[in-house]
Amino acid sequence: MQTPEPCDILDILIVGAGISGIDAAYHLQKALPKKSYAILEARDAIGGTWDLFRYPGVRSDSDMYTLGFPFRPWQADEAIAGGPAIWSYIRDTAAHYGIDRHIRLGHRMIRASWSSADARWTVEAQTKDGGIVRLVCRFLYMCSGYYSYEKGFNPEFPGVDRFQGPFVHPQQWPEALDYAGKRIIVIGSGATAVTLVPALAKEAGHVTMLQRSPSYVVTRPTKDAMAIWMNRHLPNRMAAKVTKWKNVLYSITMFYLARTKPETIKGLILKGIRQQLHPDYDVKRHFTPRYNPWDQRICLVPDGDLFAAIRSGRAEMVTDAIAEVVESGIRLSSGTTLPADIIVAATGLVVKLMGGAEILVDGVPAKFNEKLVYKGAMFSGIPNLALAFGYTNNSWTLRCDLTARFVCRLLKYMDRKGFSICVPKLPEPSVNPEPLLDFSSGYVRRADGVLPRQGQKAPWRVPQNYVKDLVAFTFGSVSDGTMNFLRTSEADNASRVGDVHLKVTI
Ligand SMILES: Cc1cc2nc3c(=O)[nH]c(=O)nc-3n(C[C@H](O)[C@H](O)[C@H](O)COP(=O)(O)OP(=O)(O)OC[C@H]3O[C@@H](n4cnc5c(N)ncnc54)[C@H](O)[C@@H]3O)c2cc1C
């Protein structure tokens, strides 16, 4: 390691140049033009998810009118868009607003240390050549996503080393992988598997989607006819607003109905599936989950492409457990062996917060699974730090955008009042902590030791509802009695800020 460079001092340091980092930078530039900021990005490119994932067919699974930036609405006719188009859109937006000039590529934040006496974060970032760059900032804004970029979740499949062909994970798709005419098994039942199967089936000899248990799968049109009509006939901004609200309210309603009338929604989803498959198809076995809709994320297939691939015979579903991987394929618990030239493990992500960096508050490492989220954006006892964390039941960006606007309000308030420190402080008696995400998905359960907790009511509760959040973030008072504000001179005794988290009993 090289000696750290001299310090830069910034008002705000954003970590991550994906959708949420670019969105955050836009709002900071607009609301607080005099503040200095930089964006640290670990990779050599911006775009985050949409630059990393390169597997065939990679696309959004929520509509771009809500996943896109509200200040630069998505204009293309495709509501469900391909990865490369989303990547170009993020890159063009960063260039359009001059945000790209603030991005320091190839800088991975590895540690951030808060000092209450100085009211500052000292951030260490590792560069590609192994050097360490040190920066100092007053506010740290984590837009680093929610999963590990190093590798996806790869369960141990017995016998995997014996397999003669390529065994790939979609997060590290080999660019040169030739799958034309090949027999492919895609292991998985989530969004990635349902995206990959029809895309691979276009060129592969045959594709098998092998799942241990089914997920709910819903068909939506790639193009939103109403959005296209509005884009043609209404002024751009108005069309974007109407389409956004149409889609937001649709998602909220469907989620609400799924939670209140699960049998009705389940019936509708299964009916939709039956209509797209042969009457004899075993929908019960392959498409009827054991859980209720929205107990886990629902998979979206644009224009029913997965069902078309199954109908054509180029793809098939197999619902069974893996006994072992053998030289030429996978042997199932039922005794059948599925032959394969290529195996794809679409087995999910590894949840990771804070970009994997170590966070210290006055020398004490912060344990985020022992923290409560404040407005789903900050943490009990962690000063001057926000996190962009989107929705699990709606487009991610909707919540990140609200968070960015809230951070601007918070910083403006502190400027006006002369405060240098803000820290959410738990009321007494301590809130009873619950898991942050009310989902039974594997990746959520695996992340239990990583994710922070939530309480029973605002501001410690994440409602997973855009309308409620919009009201709370926009109209809720910044000085709500839960957020503690301090001037630097008041914080020289570190415990005044740092002890807050000690009162959390989890
Ligand atoms: C294949 C796929 C499809 C998806 N489709 C949808 C969808 O349709 N709708 C939806 O709502 N959500 C979707 N998601 C979730 C998706 O990740 C978010 O929508 C969104 O792209 C996340 O944006 P982000 O900027 O918050 O995080 P990311 O896109 O993950 O970007 C985070 C950035 O932070 C950088 N970073 C991380 N750690 C550090 C560090 N320590 N130092 C410096 N930089 C760091 C990363 O390199 C990355 O560039 C999808 C996810 C995947 C994997």
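For ligands, and for the atoms within them, numbers begin at 1 and follow the listed sequence. The structure presented is a predicted model; accordingly, all values stated were derived computationally and were not measured.
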Lys/Arg N to Asp/Glu carboxylate O, K246 vs D224, below 4.0 Å: yes

Distance to 0.1 Å, residue and atom name: give those for the protein heavy atom nearest to [atom].
| atom | result |
| --- | --- |
| atom 38 (N) of ligand 1 | G355 CA, 3.2 Å |
| atom 27 (O) of ligand 1 | G145 CA, 3.3 Å |
| atom 52 (C) of ligand 1 | T49 CG2, 3.5 Å |
| atom 24 (P) of ligand 1 | S20 OG, 3.3 Å |

Measuring from [atom], which candidate in [options] has the nearest non-hydrogen atom?
| atom | options | result |
| --- | --- | --- |
| atom 8 (O) of ligand 1 | D61, T192, N393 | D61 |
| atom 32 (C) of ligand 1 | S144, G356, G83, A24 | S144 |
| atom 11 (O) of ligand 1 | F53, W396, Y147 | W396 |
| atom 48 (C) of ligand 1 | Y149, W50, Y55, Y391 | Y149 |
| atom 41 (N) of ligand 1 | H107, M354, M109, R59 | M109 |

With R43 via side-chain contact (heavy atoms from CB on, under 4.5 Å) - residues at least two apart: E41, D51, L52, Y149

pair K223-D303: side-chain heavy atoms closer than 4.5 Å: no

Partners passing salt bridge (charged side-chain N to carboxylate O under 4.0 Å, His left out) against R314 (at least two apart in sequence or in another chain):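 For R314 there are no salt bridge (charged side-chain N to carboxylate O under 4.0 Å, His left out) partners, ignoring immediate neighbours.
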
Ligand 1 versus A357: contacting region, heavy-atom distance under 4.0 Å: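 It is neither; nothing of A357 touches ligand 1.
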
Passing option when L135 is tested against E124, R104, M109 for side chain to side chain contact (heavy atoms under 4.5 Å, CB included):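 Result for side chain to side chain contact (heavy atoms under 4.5 Å, CB included) with L135: R104.
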
